[in-house]
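The structure appears right after this line, and notes come after that.
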2 protein chains.
Amino acid sequence: MGIFSKTCEYAVRAVFFIAQHTADGSRVGIKEIAVKIDSPEHFLAKILQDLSKRGIIQSVKGPNGGFYLDAQSLGRPLSDVIEAVDGGGIFRDCGLGLKECSSKNPCPLHHDFLDVRNRLQSMLESITIGQFNEDLNLGIVVLKK
Amino acid sequence: MGIFSKTCEYAVRAVFFIAQHTADGSRVGIKEIAVKIDSPEHFLAKILQDLSKRGIIQSVKGPNGGFYLDAQSLGRPLSDVIEAVDGGGIFRDCGLGLKECSSKNPCPLHHDFLDVRNRLQSMLESITIGQFNEDLNLGIVVLKK
DNA sequence: ACAATAAAAGACATTTTTATCTTTTATTGT
DNA sequence: ACAATAAAAGATAAAAATGTCTTTTATTGT
């Protein structure tokens, strides 16, 4: 198990891919996305349906339809995707699973974890969905393998 | 889902509890541990059996038996527990699930994740299993709720 | 030796996550 | 209107994680 669920990994990769391929206003289909990010097509479909419902990505049915991102979506922080898919638990929950862990009632790792989680969160909040488009085009960063 | 699996959360809480209660050389039974850290008894039993096999904790059967930690175990880094239970993936694997993600072939988040993972790892490597015994005795930190 | 104790081990059940396949609905171009 | 397209939705399945219960083995004190 990684930091995120499989679902979330697919979601982030797909969102980056959609961003890269629809910055010009076009759409991209589920089949192509699934192949290009190496994910199970129908499973990814569910994930994108959910993101679409939540307004994090956009979609249109029918010929020339597909998924895309409007200007607002391209500017969203990546943390929105993680929150939508995995929930915000990773940013907030106790590392040892205590429900009432807090600075008043801390687990042994509370303070150290607070630091790590805050870093993770501020990192994901400062990254936007669209910011890797150029690097992806140049092949400096990749979304599969 | 937290950063660690439930299994790993129980493992860490149990190990801290055993450390606190056996620093004097005595043993503590699975029943008491399970109650005091609020975990399913038989599930925790499996976890501790595994940690015992791996030499991370010690155990003896029979009357006055139970789990305990020798001096060496008390000085182990907490990262050993995480590695034993969840594997080292959390310290090494790509945040987006790419098998071949590296500085040569990075995912978009590679560099940022490297930083977060390294911090998490060095934090867990610098914490020892026995270091919270006093704070636990004083009630400054807790292992349940 | 024997009974009591407590971990080890085995078998099984439940829940959650991940994955696959089929049918329906909306949209487009002809 | 109609056929083609592509996402949405529904149903089902497989795998993994989590949880429960029972039996076995090792150890201790009498």
Side-chain angles (χ1 to χ4, degrees), chain A residues 1-15 17-18 21-22 26-35 37-69 85-87 89-90 96-97, chain B residues 1-15 17-18 21-22 26-35 37-69 82 84-87 89-90 96-97:
Chain A
M1 195 202 341
I3 291 211
F4 303 132
S5 66
K6 274 277 160 209
T7 303
C8 194
E9 290 175 356
Y10 294 148
V12 173
R13 281 166 31 211
V15 164
F17 183 83
I18 298 169
H21 286 80
T22 67
S26 63
R27 289 90 179 248
V28 60
I30 185 69
K31 236 169 188 151
E32 182 181 357
I33 304 172
V35 169
I37 71 165
D38 192 27
S39 76
E41 179 186 330
H42 296 285
F43 187 53
L44 181 62
K46 298 289 189 194
I47 299 168
L48 296 188
Q49 279 163 32
D50 182 57
L51 290 179
S52 178
K53 266 186 215 160
R54 293 168 185 269
I56 293 181
I57 66 177
Q58 286 69 50
S59 70
V60 292
K61 291 182 176 181
N64 297 315
F67 296 92
Y68 67 102
L69 294 170
V85 177
D86 277 355
I90 195 145
L96 302 190
Chain B
M1 194 203 341
I3 291 211
F4 304 131
S5 65
K6 274 278 159 208
T7 303
C8 194
E9 290 174 357
Y10 294 148
V12 172
R13 295 193 342 238
V15 163
F17 183 83
I18 297 169
H21 286 80
T22 68
S26 63
R27 290 89 179 251
V28 59
I30 184 69
K31 234 167 188 152
E32 181 181 357
I33 304 171
V35 169
I37 72 166
D38 192 27
S39 75
E41 178 186 330
H42 297 285
F43 188 53
L44 181 63
K46 299 287 190 194
I47 299 168
L48 296 189
Q49 279 163 32
D50 183 57
L51 290 179
S52 179
K53 269 186 212 159
R54 294 169 184 268
I56 292 180
I57 66 177
Q58 285 69 52
S59 70
V60 293
K61 291 181 175 182
N64 297 314
F67 296 92
Y68 67 101
L69 295 170
I82 278 77
V85 177
D86 276 356
I90 195 146
L96 300 190

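Naming convention: chains lettered A, B, ... in sequence-line order (proteins, then strands); numbering from 1 in each chain.
- Contact annotation: B:T7 does not reach the phosphate of D:dA17 (side-chain N/O to OP1 or OP2, under 4.0 Å).
- Candidate nucleotides D:dG29, D:dA8, C:dA19 were compared by shortest atom distance to the side chain of B:N64, and D:dG29 ranks first.
- Mapping A:V28 and B:K6 onto DNA chain D by nearest heavy atom places A:V28 closer to the 5' end of the strand.
- The distance from the OG atom of B:S59 to the CG atom of B:L69 is 11.0 Å, given to the nearest 0.5 Å.
- In this structure, A:I47 CD1 and A:Y10 OH are separated by 7.5 Å, a value rounded to the nearest 0.5 Å.
- C:dT20: Watson-Crick or G-U partner is D:dA11, with both key distances under 3.5 Å.
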Exercise for review: Start with the C-alpha gap between A:R54 and A:D50, add the side-chain angles, then the distance that decides, and say whether salt bridge (charged side-chain N to carboxylate O under 4.0 Å, His left out) holds.
Suggested key: CA-CA 6 Å; A:R54 293 168 185 269; A:D50 182 57; 3.0 Å; yes
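- Between the NE2 atom of B:H42 and the C1' atom of C:dA13 there is a distance of 14 Å, given to the nearest Å.
- Annotation: of the two residues near DNA chain C, B:F67 and B:P63, the 5′-most nearest-nucleotide partner is B:P63.
- B:Y10 has a side-chain polar atom (N or O) that falls below the 4.0 Å cut-off from OP1 or OP2 of D:dG19.
- Across the strands present, C:dA26 finds its partner in D:dT5; the criterion is a Watson-Crick or G-U wobble pair with both atom distances under 3.5 angstrom.
- Across all strands shown, C:dG10 pairs with D:dC21; the Watson-Crick or G-U wobble distances both stay below 3.5 Å.
- The distance from the CG atom of B:D86 to the CD1 atom of B:I3 is 11.0 Å, given to the nearest 0.5 Å.
- Atom OH of A:Y68 is separated from atom P of D:dA7 by 13 Å (rounded to the nearest Å).
- Rounded to whole Å, the distance from NZ on A:K53 to P on D:dA9 is 5 Å.
- Atom CD of A:E32 and atom C1' of D:dA7 are 15 Å apart (whole Å).
- Along DNA chain C, the nucleotide closest to A:S5 and the one closest to A:G62 are compared, and the more 5′ of them pairs with A:S5.
- When each of D:dA9, C:dA19, D:dT27 is scored by its nearest atom to the side-chain atoms of B:K61, the top-ranked nucleotide is D:dT27.
- To the nearest angstrom, C1' of D:dA7 lies 12 Å from CD1 of A:I18.
- Between the P atom of D:dT20 and the CD1 atom of B:I30 lies a distance of 13 Å, rounded to the nearest Å.
- Atoms NZ and NE2, on A:K31 and A:H42 in that order, are 7.5 Å from each other to the nearest 0.5 Å.
- When heavy atoms are screened at a 4.0 angstrom cut-off, A:K46 is found touching base atoms of the nucleic acid.
- Regarding contacts with the backbone of D:dA6, every side-chain N or O of A:S59 stays at 4.0 angstrom or more from both OP1 and OP2.
- One can place CG of A:D50 at 14 Å from P of D:dG10, the figure rounded to the nearest angstrom.
- Atoms CD1 (B:I47) and P (D:dA17) sit 13 Å apart, rounded to a whole Å.
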